[in-house]
Amino acid sequence: MITYEQLLMEADSNNLIAKEKKLPVSKGRIKGNRIAIKNGLTEAEKKCILAEELGHYYTGSGNILDQSSVSNRKQELHGRIYAYNKLIGLMGIVDAYKNHCASLSETAEHLDIPEDFLKDAISHYKSKYGKYAIVDNYVIFFEPNIAVLELM
């Protein structure tokens, strides 16, 4: 599991300056080499926001604040998908199963992420893979509910 501190070190190794500050609209923003994360968030929320902003750094370009543009919405989604894969991924779901997590809330707690972030990630994986995905010796079902089956 990746921690907020590890993400801060990753940002630093890319010469990015991440600071918590008062943000009136969004929870996070990147401009140039500066990442702003809204004050008052939980550690799990800050981790998700920082992972997404790093995703914008790696995958985006330019100012994407105007979400009326299709191109900007796509870049926003790319940053979010980067965060889903970095903090959860299919193997994160399998790891939660191996650790006997029996609900979304237990899985989110195990991965140290907010439950709504997990739900959004599962929705993304469902749209990408369909009803299920196979990884290593596991089948991850996305319908009707999230479930993991170990193949023999």
* Asked: Got more than 12 heavy atoms from elsewhere within 6.0 Å of CD, E10?
  -> yes

* **Salt bridge E143-K126, side-chain N to carboxylate O under 4.0 Å** => yes

* Can you find a pair of side-chain heavy atoms, one from K47 and one from E5, that are under 4.5 Å apart? -> no

* Asked: Just checking, is any N or O donor in the side chain of D112 or Y4 under 3.5 Å from an acceptor N or O on the other one?
  -> no

* Asked: Take atom OH in Y132; do more than 12 heavy atoms of anything else shown fall under 6.0 Å from it?
  -> no

* Asked: Any side-chain donor paired with an acceptor under 3.5 Å for T42 and E45?
  -> yes

* To do: Check the angle between the aromatic planes of F142 and Y129 and answer parallel, tilted or perpendicular using the 30° and 60° thresholds.
  => parallel

* Asked: Quick one: are L41 and K27 in side-chain contact, heavy atoms under 4.5 Å?
  -> yes

* Asked: So, the side chain of S123 versus the backbone of K119: is there a donor-acceptor pair under 3.5 Å, distance only?
  -> no

* Hey, are the side chains of V148 and F141 touching, using non-hydrogen atoms and a 4.5 Å cut-off? -> no

* Hey, does D136 have a side-chain heavy atom less than 4.5 Å from the side chain of M91? -> yes

* Taking side chain as C-beta onward, heavy atoms only, is L54 less than 4.5 Å from L16? -> yes

* **Modelled atom types, side-chain donor and acceptor of Y125 and D120, under 3.5 Å** => no

* Answer yes or no: is there an ion pair linking R29 with E53, defined by an N-O contact shorter than 4.0 Å? => no

